[in-house]
Amino acid sequence: MAQDKALTPRSQDFSRWYNEVVHRAELADHSPVRGSMVIRPWGYGIWENMQRALDDMFKATGHENAYFPLLIPMSFIEREKAHVEGFKPELAVVTHAGGKELEEPLVIRPTSETVIYSMFAKWVQSYRDLPVLMNQWANVMRWEMRTRLFLRTSEFLWQEGHTAHATEAEAREETRRMLEVYRTFMEDWIAMPVVTGLKSEREKFAGAVETWTCEAMMQDGKALQAGTSHHLGQNFARQFDLTFQDEQGTEVHAWNTSWGVSTRLVGGLVMTHGDDKGIVVPPRLAPVQVVVVPIWRKDEQRTALVEKAHQLRSRLQDMGVRVKVDDRDHLSPGAKFWEWERKGVPFRMEVGPRDLESGQVVLVRRVVAEGEDRKAFLPEAEALAALPDLLSAFQSELLQEARRRREERSHRGFDGSIEEMGELLDAQGGGFVYTGWSGDPEVEARVQEKTGATLRCIPDPAFRSPEAPKRCMGGGEATCEVLWARAY
RNA sequence: CGGGGCGUGGCGCAGCUCGGUAGCGCGCCUGCUUUGGGAGCAGGAGGUCCCCGGUUCGAAUCCGGGCGCCCCGACCA
């Protein structure tokens, strides 16, 4: 479990820090199969909280959950041209089963558009059957060349929403609605600010007409695509005969959307808030929001203090706070402090003999705000009463701080050459660069080749610079503003 | 797929150059003492040295072949 006690500092080697912290916070571990991971209870607990929050938001926007199978006939994947081409290299295929070679190979789903729309085709006949608003929580598999825990693994957990609509306008509206749900979730729950916008042709989902994205900035200045929402047009509807009779009785193809976020978000959380002591879990997602650590010197004290700790726990539980008492007695208090800090628990409450006597507790925040004392000595009742507010204040400070960091490394109105952009990214250790663009894919390819940065998105109005850029990166006139960054 | 590194008790590593039958730190178990920032002492358990073959009286060490993993790049949520 413990190698060296301290983690490699982020400033020294960010990706090593990431790997260490994921292991040592007990989020996940490598499985025996290359590129796939075991999500441990602490990591899974965070994911469960994400699921719960997202699921509520999906339900609130009228969606229902369903489940579609893991295996998809190869011919289904092959039906939509762009879709096959996008996924072919990363497919895992089942060729044998029951001791025999299968007549038709089965693909382990890399995503479920094909099966889902083939089923929708059976269920939808009339415009009265629309819209269909469905979501599934599932695992998918994409055979990746290079993998990293949470950020890119061969198998990952996600949610994929799939909808069918009578009109293009409705589908577009749905695409945007769910992008907005994602943005809200990422900001309000993960405390991870994102820039939303449209993907370029080159970067969009294979099979989509348009892909919209949420782009977050990690602490090393690299971008993380945190969630996408696709307007699929009628591409899949055509291939799977997803048609319906409209009000005039005409048989027409439905319009589809799909949208997803994955366990990658856990990696995003780690790289957004972690520090050199470990990860920091935003209170709303923390499986444990407050850990109570009783401290004793003599055995006689132990009983009283452990009892007090459990008393505090049940008081907090009654207030809706997620609490854990750490009364293990083979570890020193210090060891427990380090462990829970590594795991990112927002608050620690210590109770020792001195506190017991004076009716106080010691409250310690995982991340100390500027000008604040590390430890607060508070009367018990006061500490309990204050916790809900402290938790929500902590939550919003995390978002503020992440936003501040992002702005610090965002370069708006950049008007230099492609080479200069590369230099800027080298010097700053990444970052977001906003420039003008003509929409020319050749320019996009050239920038990527020379700087290592990709076109993350054409930002939505809310994220655009006050002044629209006039010049395109790489010459000519700009038709839009774009965001560049090196990315995960 | 290119480049680099590594496979030795649960984890991290040393030993390999110069062959002689395996060691360190952490963790684990037992006991006692401890506990307000990673506890101390004593005792103890635990290893096909990645695999196959070769050289040799003898291989973790040398030679040949294989496999696996990690890191850095090109593709990707």
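Below, chains carry the letters A, B, ... as their sequence lines are ordered, and counting in each starts from 1.
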*Asks:* Among the nucleotides B:C28, B:U35, B:G37, which one has an atom lying closest to any side-chain atom of A:H330?
*Replies:* B:C28
*Asks:* If you take the centroid of each ring, where Trp contributes its six-membered ring, are A:F120 and A:Y117 closer together than 6.0 Å?
*Replies:* yes
*Asks:* What parts of residues 255-283 of chain A reach RNA chain B, counting only heavy atoms under 4.0 Å away?
*Replies:* A:S262, A:R264
*Asks:* Considering only atom P, compute the distance from B:C70 to B:G64 and round it to an integer number of Å.
*Replies:* 26 Å
*Asks:* Would you say A:H83 and A:N235 are linked by a side-chain donor-acceptor pair, where the criterion is simply a distance under 3.5 Å?
*Replies:* no
*Asks:* Heavy atoms within less than 4.0 Å of RNA chain B: which residues of residues 183-210 of chain A have one? Give them sorted by number.
*Replies:* none
*Asks:* Output the single nucleotide from B:C75, B:U35, B:G36 whose closest atom is nearest the side chain of A:E144.
*Replies:* B:C75
*Asks:* Please identify each residue that fulfils side chain to side chain contact (heavy atoms under 4.5 Å, CB included) with A:T153, with sequence neighbours left out.
*Replies:* A:M37, A:F156
*Asks:* Is it the case that more than 12 heavy atoms not belonging to A:R315 sit under 6.0 Å from its CZ atom?
*Replies:* no
*Asks:* Sticking with atom C1', work out how far B:G9 lies from B:G4, rounded to a whole angstrom.
*Replies:* 29 Å
*Asks:* Enumerate the protein-to-nucleotides 68-72 of chain B contacts in which both atoms are nitrogen or oxygen and the separation is below 3.5 Å.
*Replies:*
residue: B:C70; atom: OP1; partner: A:H30; partner atom: ND1; Å: 3.4
residue: B:C71; atom: OP1; partner: A:N19; partner atom: ND2; Å: 3.2
residue: B:C72; atom: OP1; partner: A:S15; partner atom: OG; Å: 2.8
residue: B:C72; atom: OP2; partner: A:R146; partner atom: NH2; Å: 2.1

*Asks:* Are A:W259 and A:F58, when compared by the centres of their aromatic rings, separated by less than 6.0 Å?
*Replies:* yes
*Asks:* When you measure from every atom of RNA chain B, which of residues 440-458 of chain A have a heavy atom less than 4.0 Å away?
*Replies:* A:Q448
*Asks:* Counting the atoms with a prime plus P, OP1 and OP2 as sugar-phosphate, which does A:R348 contact under 4.0 Å by heavy atoms, base, sugar-phosphate, or nothing?
*Replies:* base
*Asks:* Nearest to the side chain of A:P333, which nucleotide is it out of B:A77, B:U35, B:G37?
*Replies:* B:U35
*Asks:* Nearest of B:G36, B:G37, B:U35 to any side-chain atom of A:V362?
*Replies:* B:G36
*Asks:* How about CH2 on A:W158, more than 12 heavy atoms from neighbouring residues, nucleotides or ligands closer than 6.0 Å, or not?
*Replies:* yes
*Asks:* Please measure how far the P atom in B:C6 lies from the corresponding atom in B:G25, and state the result in whole Å.
*Replies:* 24 Å
*Asks:* How does RNA chain B look in dot-bracket form if you count Watson-Crick and G-U pairs under 3.5 Å, write [ ] for pairs that cross, and put | where a base pairs with another strand?
*Replies:* ((((((((.[[[[.)....(..]]]].((((((.....)))))).....[[[[[..)....]]]]])))))))....
*Asks:* Rounding to the closest angstrom, what is the interatomic distance between B:C51 and B:U61 at atom P?
*Replies:* 10 Å
*Asks:* Nearest to the side chain of A:W296, which nucleotide is it out of B:A77, B:U35, B:G37?
*Replies:* B:U35
*Asks:* With rounding to whole Å, what would you report as the distance between B:G20 and B:C13 at their P atoms?
*Replies:* 24 Å
*Asks:* Among the candidates B:G36, B:G37, B:A77, find the nucleotide nearest to the side-chain atoms of A:E350.
*Replies:* B:G36
*Asks:* Which value, in whole Å, describes the distance between the P atoms of nucleotides B:G27 and B:C11?
*Replies:* 15 Å
